[in-house]
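Each remark here refers to the structure printed beneath this line.
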There are 2 protein chains.
Amino acid sequence: MVATKKLDQRGRPRSFDMEEAVHKAVRLFHRRGYDAVGVAELGTELGIKPPSFYAAFGSKAGLFERAVEHYSTSDANVFGRAQASGGTVSEVIERMLLVAAEVYPEHDGVAGCLVLDGARNSADPEAKAIIASYKKASRTALRDFIASRYPTKAETLADLVVIALEGMSGSARDGASAAALKSFAEAIGRAFLREAKQG
Amino acid sequence: MVATKKLDQRGRPRSFDMEEAVHKAVRLFHRRGYDAVGVAELGTELGIKPPSFYAAFGSKAGLFERAVEHYSTSDANVFGRAQASGGTVSEVIERMLLVAAEVYPEHDGVAGCLVLDGARNSADPEAKAIIASYKKASRTALRDFIASRYPTKAETLADLVVIALEGMSGSARDGASAAALKSFAEAIGRAFLREAKQG
DNA sequence: TCACATATATAGCGATCACTACATAAATGC
DNA sequence: GCATTTATGTAGTGATCGCTATATATGTGA
């Protein structure tokens, strides 16, 4: 049973590019949130009509899940970006906050973090579950990273950072400037050091 | 023309209590956000049928405006509550953060701040405008209060507090515990003192 | 008593929601 | 050629959205 798996490409081929469609969906969901983006608009913006849309993604929530997954494995993942440059735990945290201060303000009509704010006030249980899953995973990764250096204060320090990022994302979506977010990020970075080393 | 204005109570009287209806609307909008609460649900929960609803409030956004106004003049206004007890600027700020840490976690299914999060991701321009107006007024009041003691750093310090409160409200809506919000509030209180007196 | 003013209940408006039934088009394997 | 497989376009599903037209009920002032 070492049969070579022929991925048979039978049937009519897709008339649109999946990756490009998901990328456009990321921008729409990120800009306005899950509920405010309708399937009709997604269809016209992505150039996909309803039957093809549902054949490809299953549902609106299915596309949202793909969009969130695409988003959180991109440069928008501020924790991943900050970790990539190495350094101490506090250096990475400070860098993450500064990266967020650069990324979160409005760019091309999009502001804040899709994971933190993309399903806020949503009435859809699926969308909320998808976001809750990603938030929990992110928080766990961040807490474990902090615990590698500050094991007894990891929870409190993780709360400090996560709540701060929530505030930065929400404020950015309300129009906060890059300068305001930067000074906030710097203050939280100093607070992190202070809370980590004292008390 | 000093005619005594007789507020004539002519016509059929209301069959519901306006204040009680607004209070119920506050809870619904606060719990789920503006868009996720429909007029049909408001009607059944408030015991008001459509024509009476529109005669009394004009529109869904009209009721929302009344709800936000009622909310922000209640005990939910953490800045007002913190100011009421007096003290120095930094004492009031620290107290406000601690009050928010008590008020924002879920109580009776409601979490966070209606003003900060009630119209998040809303597709309705009216609701967004109402919230934007209240946010701007709150921020201005907070900044002016801080400026009375720290005039050169008022903007930066106001950003610190406002973005922190945004984070606390958003996190509370995601299920953050009172303990987590309290430790965050304490850390931000220390950060406020530090940023105000140094640098 | 009766006009007037206001609020009510019944019923339904057009628009939009996420989603689908159905027939057809376009590729492959034999 | 021809069956099979997959994707497509046309058209429309029932449900819900915020809101309203119309007639009736219930109060006041004269």
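Since we're looking at a predicted model, the values are computed, not measured. Quick note on labels: first sequence line is chain A, next is B, and so on, each numbered from 1. We use all heavy atoms of the structure for the numbers below, so side chains are in, but hydrogens, waters and symmetry mates are not.
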**Prompt:** How close or far is atom C1' of dC19(C) from atom CG of Leu42(A), stated in whole angstroms?
**Reply:** 13 Å

**Item:** Summary of salt bridge (Lys or Arg N to Asp or Glu O under 4.0 Å) pairs that have at least one residue in residues 41-63 of chain A, sequence neighbours excluded
**Value:** Arg32(A)-Glu41(A)

**Asked** Are Phe145(B) and Phe192(B) linked, directly or through other ILVMFWY residues, by side chains that come within less than 4.5 angstrom of each other?
**Response** yes

**Message:** If we ignore hydrogens and angles and just use 3.5 Å, is the side chain of Arg27(A) paired with the main-chain N or O of Asp108(A) as donor and acceptor?
**Reply:** yes

**Prompt:** With sugar-phosphate meaning primed atoms plus P, OP1 and OP2, does Pro51(B) contact a base, only sugar-phosphate, or nothing at under 4.0 Å between heavy atoms?
**Reply:** base

**Request:** Remember a base hit wins even if backbone is also touched, and classify Phe57(B) as base, sugar-phosphate or nothing at under 4.0 Å, heavy atoms.
**Result:** nothing

**For atom CD1 of Ile48(A) and atom C1' of dA18(C), their distance in whole Å** = 16 Å

**Prompt:** Do Tyr71(B) and Val26(B) touch side chain to side chain, with heavy atoms closer than 4.5 Å?
**Reply:** yes

**Rounded distance (Å) that lies between atom C1' of dA5(C) and atom CZ of Arg14(B)** = 13 Å

**Prompt:** To the nearest Å, how far apart are Lys49(B) NZ and dT10(C) C1'?
**Reply:** 8 Å

**Ser15(B) side chain near dA7(C) phosphate (N/O to OP1/OP2, under 4.0 Å)** = no

**Fill in**
Contact string for nucleotides 14-19 of chain D, one letter per nucleotide 5' to 3', B = base within protein heavy-atom range under 4.0 Å, S = sugar-phosphate only, - = neither, reads ----SB

**Request:** Give the rounded distance in Å between these two atoms: CD of Gln9(B) and P of dT28(D).
**Result:** 8 Å

**Request:** Give a yes or no on whether a salt bridge exists between Glu166(B) and Arg173(A), defined as a side-chain N under 4.0 angstrom from a carboxylate O.
**Result:** no

**Request:** Determine whether Val115(B) and Leu142(B) fall in the same hydrophobic cluster, where Ile, Leu, Val, Met, Phe, Trp and Tyr are linked whenever their side-chain heavy atoms lie under 4.5 Å apart.
**Result:** no

**Request:** Report the nucleotide, chosen from dT20(D), dC4(C), dA7(C), that has the shortest atom-to-atom distance to any side-chain atom of Arg10(B).
**Result:** dC4(C)

**Prompt:** What class does the angle between the rings of Phe16(A) and Phe57(A) fall in, given that below 30° is parallel, 30 to 60° is tilted and above 60° is perpendicular?
**Reply:** tilted

**Prompt:** Within the pair Ser52(A) and dA7(D), is there a side-chain N or O less than 4.0 Å away from OP1 or OP2?
**Reply:** no

**Message:** Does a side-chain N or O of Arg12(B) approach OP1 or OP2 of dA25(D) to a distance below 4.0 Å, or not?
**Reply:** no

